[in-house]
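Heavy-atom basis, side chains included; hydrogens, waters and symmetry copies ignored.
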Amino acid sequence: MSDKSPSSPRFLVRQGCKGWMVYDRQRKGPALVGTNPAVSLTRERANQIAQSLTGELQDRSNYPTRPQ
């Protein structure tokens, strides 16, 4: 067994005051899509944005090994 616990996801889909939002644990606030906060969304749209942002982070971490 490892002493390391699995890391928590950076982006969470949460219900806000008006609709759904994507919360960024690193920023401790709404995730940004470009310069716009990801708030007041449908649940489906919030899930799409969270998946997209997670995919972008994975792409960046794989950047040196990805063929161009």
Side-chain angles (χ1 to χ4, degrees):
M1 237 175 155
S2 174
D3 290 336
K4 284 185 166 183
S5 62
S7 63
S8 299
R10 177 175 172 181
F11 300 104
L12 300 173
V13 174
R14 299 175 27 171
Q15 192 165 16
C17 296
K18 296 180 183 178
W20 294 81
M21 68 178 289
V22 181
Y23 184 81
D24 184 343
R25 288 184 178 194
Q26 186 175 350
R27 290 188 66 242
K28 298 181 182 173
L32 295 177
V33 179
T35 57
N36 300 318
V39 296
S40 301
L41 305 166
T42 64
R43 188 174 188 177
E44 293 79 19
R45 185 66 182 133
N47 283 323
Q48 290 171 349
I49 291 170
Q51 287 177 351
S52 173
L53 292 170
T54 302
E56 286 178 16
L57 288 177
Q58 289 173 352
D59 286 348
R60 287 183 198 159
S61 66
N62 293 334
Y63 181 74
T65 60
R66 280 182 47 189
Q68 296 283 328

State, to 0.1 Å, how close Ala38 and Val33 come at their nearest heavy-atom pair, and which atoms those are. CB-CG2, 4.1 Å
Counting N and O atoms only, with roles assigned by atom type, does the side chain of Ser52 sit under 3.5 Å from a partner on the main chain of Gln48, one being a donor and the other an acceptor? no
Tightest non-hydrogen contact, residues Phe11 and Ala50, listed as CB-CB, 4.5 Å
Quick one: does Arg27's side chain have a donor or acceptor within less than 3.5 Å of a partner on Pro30's backbone? yes
Taking every heavy atom of Ser8 against every heavy atom of Arg25, the minimum-distance pair comes out as CB-NH1, 2.6 Å
Nearest heavy-atom neighbours spanning Trp20 and Arg43: CD1-N, 3.5 Å
Looking only at non-hydrogen atoms, find the nearest pair between Val13 and Asn47 and report the distance. CG2-OD1, 3.3 Å
What I'd like to find out is whether the side chain of Leu41 reaches to under 4.5 Å of the side chain of Met21, using heavy atoms alone. no
